[in-house]
Amino acid sequence: MTAYLNGQYLPLAEARISPLDRGFLFGDGGYEVIPVYSRHPFRIDEHLRRFQTTLDGIRLQNPHGIEAWRAIIRRIIAEADFDDQTIYIQVTRGADTKRDQPFPKGVEPTVFLFAAPLVSPTPAQRASGVAAITTEDIRWGRCDLKSVALLANVLTRQLAVDAGCSETIMLRDGYLTEGSSTNIFCVKDGVILAPAKDHRILPGITYDVVLELAARHGAAHEVRAVSETELRSADELWMTSSTKEVLAITTLDGKPVGHGALAGKPGPVTRQMHAWYVAFRDEVMRYAGA
Ligand code: PDD
């Protein structure tokens, strides 16, 4: 598998960084994950724009312009052995000769990319939805930045794994923030509810696609604070991310999501949104391949 490290294309297993890299020592860097379908990156401009926002937010100069990024990504995609991929991009503040917190002077950032096979939800997960648990959001105050410092997300996600669930949904001060690696949407009385994009959540690229699709198809939606009570009494819940796309959450803290005959099953709004998403994605990919 080909990786890119600081100007070189090389097998991933041969890529080496210094133990003094600030990404390793401090989690001092940013990253992106871009889905690729049939060797076409989806929403690449939006991902690169969010990457710029992350780098600006952590005061790390972007080592490449858009065209240079595109060229590197194109080559990584072309050299992969598989058609559907996720491209991982990471830039850290580089490796100094000492361990010291302030920004080092004259140190080049470390730039790392690699392609992995796209791991999509299984047909069984698509059909039945997945289980999630909730926990308090213990992360820092800039969850809008896609920082590589993901210890809180790692600990939070492990809670789900320990409970035999797929995702952990976080609450801060009694309000929904997001999942450990996903954005979360609720449906109540036919209205899609999404927490606003502020410093408490990652501005998901898939989140934006979903809200665009809701607007395009005239689906009722509100972007506003979603309380814990609303989360727990939702008719439907789903998660979004570049790899999960739109995936129903049908169990929350061991209880079925929803009411009546639909309790514990993917609901109609979720299924409709997933269908809209797939149709839109395929339309964009057809155009990209034309
Ligand atoms: N995760 N929220 C968090 C905390 C995330 O880490 C992610 C993405 C999302 C969804 O964002 P998007 O729709 O742009 O993928 C929301 C990526 C996939 C990851 O860390 O692997």
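Note that ligands are numbered from 1 as they come in the structure, with each ligand's atoms numbered from 1 the same way.
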Using heavy atoms and a threshold below 4.0 Å, how should the contact between [X] and ligand 1 be classified: side chain, backbone, both, or neither?
| X | value |
| --- | --- |
| I201 | neither |
| N183 | both |
| T206 | both |

Examine ligand 1 and decide if any of its atoms is less than 4.0 Å from a heavy atom belonging to [X].
| X | result |
| --- | --- |
| K244 | no |
| C143 | no |
| Y31 | yes |

So which heavy atom on T206 is nearest to which on S241, and how close? OG1-C, 3.1 Å
Nitrogen or oxygen of [X] less than 3.5 angstrom from that of ligand 1:
| X | answer |
| --- | --- |
| G179 | no |
| E178 | yes |
| H47 | no |
| T243 | no |

Hey, what do you get for CG (N153) to SG (C143), rounding to the nearest 0.5 Å? 7.5 Å
How about F185 and Y207: are their ring centres within less than 6.0 Å of each other? yes
Which residue supplies the protein heavy atom nearest to [atom], what is that atom called, and how far is it?
| atom | result |
| --- | --- |
| atom 7 (C) of ligand 1 | S181 O, 3.3 Å |
| atom 11 (O) of ligand 1 | G204 CA, 3.6 Å |
| atom 17 (C) of ligand 1 | K146 NZ, 3.4 Å |
| atom 21 (O) of ligand 1 | V33 CG2, 3.7 Å |

Might you confirm whether atom CZ of F24 has over 12 heavy atoms from other residues, nucleotides or ligands at distances under 6.0 Å? no
State the atoms of ligand 1, each with its element, that fall below the 4.0 Å cut-off from a heavy-atom position in S241. 10 (C), 13 (O), 15 (O)
Closest by any non-hydrogen atom to atom 4 (C) of ligand 1: pick that one out of S147, S180, P35. S180
NZ or CZ of R93 within 45° of F103 ring axis and under 6.0 Å: yes
